[in-house]
A.B. asks: 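Structure below; questions to follow.
Naming convention: chains lettered A, B, ... in sequence-line order (proteins, then strands); numbering from 1 in each chain.
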6 protein chains.
Amino acid sequence: MNELTHIGNDNRPAMVDVGDKAISHRMAKAKGFIKLEPATLELIGNNALKKGNVLITAELAGTQAAKKTFDLIPLCHTLLLSKVQVKAELKEDGAEVVSEVKCTGQTGVEMEALTAVSVALLTIYDMCKAVDKNMELGRITLIEKKKETVTE
Amino acid sequence: MNELTHIGNDNRPAMVDVGDKAISHRMAKAKGFIKLEPATLELIGNNALKKGNVLITAELAGTQAAKKTFDLIPLCHTLLLSKVQVKAELKEDGAEVVSEVKCTGQTGVEMEALTAVSVALLTIYDMCKAVDKNMELGRITLIEKKKETVTE
Amino acid sequence: MNELTHIGNDNRPAMVDVGDKAISHRMAKAKGFIKLEPATLELIGNNALKKGNVLITAELAGTQAAKKTFDLIPLCHTLLLSKVQVKAELKEDGAEVVSEVKCTGQTGVEMEALTAVSVALLTIYDMCKAVDKNMELGRITLIEKKKETVTE
Amino acid sequence: MNELTHIGNDNRPAMVDVGDKAISHRMAKAKGFIKLEPATLELIGNNALKKGNVLITAELAGTQAAKKTFDLIPLCHTLLLSKVQVKAELKEDGAEVVSEVKCTGQTGVEMEALTAVSVALLTIYDMCKAVDKNMELGRITLIEKKKETVTE
Amino acid sequence: MNELTHIGNDNRPAMVDVGDKAISHRMAKAKGFIKLEPATLELIGNNALKKGNVLITAELAGTQAAKKTFDLIPLCHTLLLSKVQVKAELKEDGAEVVSEVKCTGQTGVEMEALTAVSVALLTIYDMCKAVDKNMELGRITLIEKKKETVTE
Amino acid sequence: MNELTHIGNDNRPAMVDVGDKAISHRMAKAKGFIKLEPATLELIGNNALKKGNVLITAELAGTQAAKKTFDLIPLCHTLLLSKVQVKAELKEDGAEVVSEVKCTGQTGVEMEALTAVSVALLTIYDMCKAVDKNMELGRITLIEKKKETVTE
């Protein structure tokens, strides 16, 4: 029987201490998908939606969201991201968002990469919701993660 | 040929004017899912994860995120939400998050409901990422939307 | 035996629905105190602290914090405050902060008034911490609360 | 006569320059108290309040507030907190909140620890205000502070 | 002699009470300018800057900033903006930004319109600063303001 | 013909990677001006405006805005500012704001200095808009920028 199960109700949420971890170069890539109807894809492709350019707006929203991860996910640490790149692209039956986030610090940047993808997808949803009633966000996963020792 | 396609590159993003819309009672429900391994489900169920109580933390993060939708999604309007409820529950192969958001105002609350679900799922991901390497967020959709005339 | 006690662990946090409450004129006043040493009081009174004018900075910080209550207190609703006034004054053995907050809406403004007081007191602490090692914040309470029907 | 008194009205608030300070391991602990009625203590203990689990919600709110200290206290510096822990516990006549914050940086983390405690206490107030009309926040103080040289 | 001059140092900042003002339809337009070198104008016009599409990014940044005015300008009230539109256009010797903001509420939206313009101009500065060392922001003014009674 | 012009519409906004830049001591100074009428200058000088002390409020608003630059300017990196100083002074035909920002990091602090100046000027505008209908913000420029190698 698992000893952990004894922790029970006293197991209160807490931001874990990363103060003793080494400072490393961190990288994470994430991706996600939003299912769109053919008519919506055409409107986005032609930049013809009333709310404006969908892909650029989504990429910017995702980029800004990465910097706010510490404020959105309660137990995430504030980090100094050195790079945030969010790419939104049209595919056959929807749009795919891929993000890459880098940081030199004591904890990984998966949550920043995943948050960027999620908020970019939500932004696409927002801009297309007047014309597409069958959208669905999904397949949001981490696709790569790296940690390299800082050498001076 | 669609006339909209002529808008082209001049179609700049803008927050649409909702000033002439009637003030209505608005409601939206959304849901989403995160795939988790059996061992992770057991740890959550036993409240045995190092980072603390997963479901409550996720629900609170989702609730707070709903109130920040205006700041995350560039073209969303600031709204006075009268209700935000986020429920996270364990299922056979993961956790499901359902949200319900209400507002009396000039624009709908779908984005608030979807943002609440997404951030709650991201919070589950964050709290379980040390023990589960195969998580995936998905099936994030609107499940209900209502608009009722305000009668005085 | 109290039936409420059966709610137990399933009692998850949620922002209560205020959508059916009447829109009223709301007012709340709160106050609080920070204990300061005589030498600190003299420095504040003479506006001679290295960090600058303590009372004005505290009042502004409290005013701004009132507007962020929805972001700080997880289950508070976003409100449109029509008035926020924060007054910090030197007393015999410390400084007293009094706040008054008004709003026309569906829920009271106690938390906004109390948050304004708390953040104003924390700001005084911050500005004096280089010279005073015995500060203590306390006596933070609601001093008045009003709700008046909106008559048109 | 104190020369400082000559600074007078020209003493404008400013974030002091910490650029020349050594980077040290910093730690601060703070605590605070909220007076509660016996009936309220029982409701919290039985997790029977309408707004949900009080202690966990307060701890999470305090944790998140610590990360926002730079935004709440005008002259505080942005810091990369490596640890934030907030514990809320029921006592005989109220609830006590204790926080511990760590950081490796150029300035101390007292304000972060005190802000965490204050916002956790305000959250308890918010969740109990429907049932307890005599709450008071107080005894908010720093209980420990450490600074250790970084050795490499 | 002006009686107001007696207010002196006791004149502490405070958010004025707008609770008794009528709810009106409010509109404000503002504009501003950033001086740019011919080579920079060409790079923006060709969408050839390393940081990406300048005008769209500036417009989105201005739009989002309008919604954050309450958080940036200490004595501004939180408002529910019904429309925010920010347009950035290249002129002979720089770029001009024009904003239009609408709201139905108790106080005007000049500050929101001016904040949108300022942050859009700052964003242009940020995206061009690697190639243009002589930029200057200016001519930021209100160009129109309207207030109309709400008729039901 | 400029090769850059081929980038065209695919040139999406992205936060550039600063991860390989050296960590340096960075400093930037910026300034700006707001044109005010003689009567307004007298009211500010006598601290006789209804909204309170203009210069201190503007300086504090500018200081806080510097810390939020990452959140306002989409492609700016989050930075740990070691110093922020904002000075507002009355001149013959208006008020001048000067800022100085320092940081030890991988990217410059121009945007932080310029954002501080802009928000301080907007705050002066806000506090004087009831009495002065001819205000204009301008001459916002960088006045100095330094980068020094970190020597240990």
A.B. asks: So A/Thr123 and B/Pro74, do their side chains get closer than 4.5 Å, heavy atoms only?
C.D. replies: yes
A.B. asks: For the candidates A/Gly138, A/Pro13, A/Ala65, A/Gly108, which exhibits the highest count of non-hydrogen atom pairs separated by less than 4.5 Å from chain B?
C.D. replies: A/Pro13
A.B. asks: Mind checking the CG-OG1 spacing from A/Leu137 to B/Thr141? Nearest 0.5 Å is all I need.
C.D. replies: 9.0 Å
A.B. asks: Begin from the C-alpha positions of B/Asp71 and A/Lys68 and carry the test side chain to side chain contact (heavy atoms under 4.5 Å, CB included) through to its verdict.
C.D. replies: CA-CA 10 Å; B/Asp71 188 39; A/Lys68 283 187 243 199; 3.0 Å; yes
A.B. asks: Kindly determine whether B/Asn53 and A/Arg12 satisfy side chain to side chain contact (heavy atoms under 4.5 Å, CB included), including the steps that lead there.
C.D. replies: CA-CA 6 Å; B/Asn53 191 308; A/Arg12 304 285 183 70; over 6 Å; no
A.B. asks: Roughly how far, to the nearest 0.5 Å, is the CD1 atom of B/Ile140 from the OG atom of A/Ser118?
C.D. replies: 6.0 Å
A.B. asks: Hey, what do you get for CE (A/Met111) to NZ (B/Lys129), rounding to the nearest 0.5 Å?
C.D. replies: 6.0 Å
A.B. asks: Just checking B/Lys133: does its NZ atom have more than 12 heavy atoms from other residues, nucleotides or ligands closer to it than 6.0 angstrom?
C.D. replies: yes
A.B. asks: When rounded to the nearest 0.5 angstrom, what distance separates CE in B/Met135 from CG in A/Leu142?
C.D. replies: 9.0 Å
A.B. asks: Would you compute the distance between atom CG of B/Leu72 and atom CG of A/Asp126 and round it to the nearest 0.5 angstrom?
C.D. replies: 11.5 Å
A.B. asks: What distance separates B/Leu122 CG from A/Glu112 CD, expressed to the nearest 0.5 Å?
C.D. replies: 10.5 Å
A.B. asks: Has B/Lys31 got more than 12 heavy atoms of other residues, nucleotides or ligands less than 6.0 Å from its NZ?
C.D. replies: no
A.B. asks: Picking from B/Leu75, B/Thr115, B/Thr57, B/Val119, which has the most non-hydrogen pairs under 4.5 angstrom with chain A?
C.D. replies: B/Leu75
A.B. asks: If you count heavy-atom pairs within less than 4.5 Å of chain B, which of A/Lys145, A/Glu136, A/Lys35 leads?
C.D. replies: A/Glu136
A.B. asks: Below 4.5 Å from any heavy atom of chain B, which atoms of A/Met15 appear? Answer side chain, backbone, both or neither.
C.D. replies: neither
A.B. asks: More than 12 heavy atoms of other residues, nucleotides or ligands under 6.0 Å from NZ of A/Lys51: yes or no?
C.D. replies: yes
